[in-house]
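All residue numbers refer to positions in the sequence shown, counting from 1. The model shown is predicted, which means the values in this text are computed figures rather than measured ones.
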Amino acid sequence: AKVEEVTPRAAFKGVAPNWFVDIAAAGLDPGSHYHLCTDIDGNATMQGGSSGIEVFVSAAIVSTRAVQPAALQHVLIECFADACSEASVARLAMSCDDTDKDDVADATPWSELRHHTSIRETLFSVDLDAAKLNVGQHYQLCVDVDGAAGHRRAGALGATSGGLGSGGAPLPARGGGNFL
């Protein structure tokens with residue numbers, strides 16, 4: 001099956017084993033997941049394909065850097081363009097991948113985002129109950145831009161210091177996402 005290219009090809013940069021690639025992500029849909037495809041030998045004899053890495057295109061920048069282990073922790077979120085809506089939901093979790101049942105227990109419940117159009121069209125906030133989370137633990141702010149009824153999966157806004165969540169690498173890596 002032919003894979004649809006949604007971004008222009010980009011060359012790897014760096015020195016083994018530390019490679020990176022700059023991707024022109026302007027045309028990608030914020031709040032969506034994409035497969036990172038590679039062609040190891042460029043346009044030579046080997047055919048390109050999925051690298052097995054999934055990339056989450058961030059829908060927002062998180063303004064809040066930390067929360068207390070208590071109820072009603074207010075988190076500010078600056079959404080890109082029309083990426084967030086009244087249907088968007090968020091939570092703090094070890095991983096944004098809901099299929100990882102071990103991490104779901106160590107998370108806040110999903111909460112709806114509130115839109116603050118009177119301040120700025122792109123400003124949202126969410127109040128999270130972090131009372132049962134562990135002090136000193138790094139959590140990801142998981143956002144599902146189209147809510148539970150939508151077709152998109154949640155993704156992390158910023159990577160934690162404990163590594164990337166199993167939901168994929170956030171892109172662009174702006175804002176941060178370390179909590180508690």
Hits for side-chain contact (heavy atoms from CB on, under 4.5 Å) against Ser50, two or more places apart or cross-chain, chain-then-number order -> His35
side-chain contact (heavy atoms from CB on, under 4.5 Å) partners of Thr117, counting only residues at least two apart: His115, Glu121
Which pairs, with at least one residue in [range] and sequence neighbours excluded, count as a salt bridge (Lys or Arg N to Asp or Glu O under 4.0 Å)?
range: residues 36-47; answer: Arg9-Asp39
range: residues 137-147; answer: none
range: residues 20-36; answer: Lys13-Asp22, Asp29-Arg152

Taking side chain as C-beta onward, heavy atoms only, is [X] less than 4.5 Å from [Y]?
X: Gln137; Y: Met94; value: yes
X: Leu128; Y: Val75; value: yes
X: Leu133; Y: Pro69; value: no
X: Arg114; Y: His116; value: yes
X: Leu28; Y: Val6; value: yes
X: Phe12; Y: Thr38; value: yes

To check you understand the geometry: which heavy-atom pair defines the closest contact between [X] and [Y], and what is its length?
X: Gly31; Y: Ala59; answer: N-CB, 3.9 Å
X: Leu141; Y: Ala90; answer: CD1-CB, 4.2 Å
X: Phe56; Y: Val143; answer: CZ-O, 4.4 Å
X: Ala154; Y: Trp110; answer: CB-CH2, 3.6 Å
X: Arg91; Y: Ala107; answer: NH1-CB, 3.9 Å
X: Val145; Y: Ala83; answer: CB-O, 3.3 Å

Check for a donor-acceptor pair, side chain of Thr108 on one end and backbone N or O of Asp129 on the other, with a separation under 3.5 Å. no
I'd like to know if the side chain of Tyr139 and the backbone of Asn134 have a donor-acceptor N/O pair within less than 3.5 Å.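 Side chain of Tyr139 to backbone of Asn134, a donor-acceptor pair under 3.5 Å: yes, one is there.
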In one Ile/Leu/Val/Met/Phe/Trp/Tyr side-chain cluster, 4.5 Å: Ile53, Ile23: yes
Separation of Phe80 CZ from Ile61 CD1 (nearest 0.5 Å): 4.0 Å
Nearest-0.5 Å distance, CD of residue Glu86 to CZ of residue Phe124: 6.0 Å
Other members of the hydrophobic cluster containing Leu72, with the 4.5 Å side-chain heavy-atom rule, please. none
For Leu76, which fellow cluster members are found when Ile, Leu, Val, Met, Phe, Trp and Tyr are connected by side-chain heavy-atom distances below 4.5 angstrom, either directly or through intermediates?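 Members alongside Leu76: Ile119, Leu123.
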Residue pairs passing the disulfide bond (SG atoms under 2.5 Å apart) test where at least one lies in residues 42-81, sequence neighbours excluded: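 For residues 42-81: Cys79-Cys84.
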Scan residues 72-85 for pairs that pass side-chain hydrogen bond (donor to acceptor under 3.5 Å, both in side chains), counting only residues two or more places apart or in two chains.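 For residues 72-85, and leaving out neighbouring residues, the side-chain hydrogen bond (donor to acceptor under 3.5 Å, both in side chains) pairs sorted by first residue read His74-Asp127, Glu78-Arg120, Glu78-Thr122.
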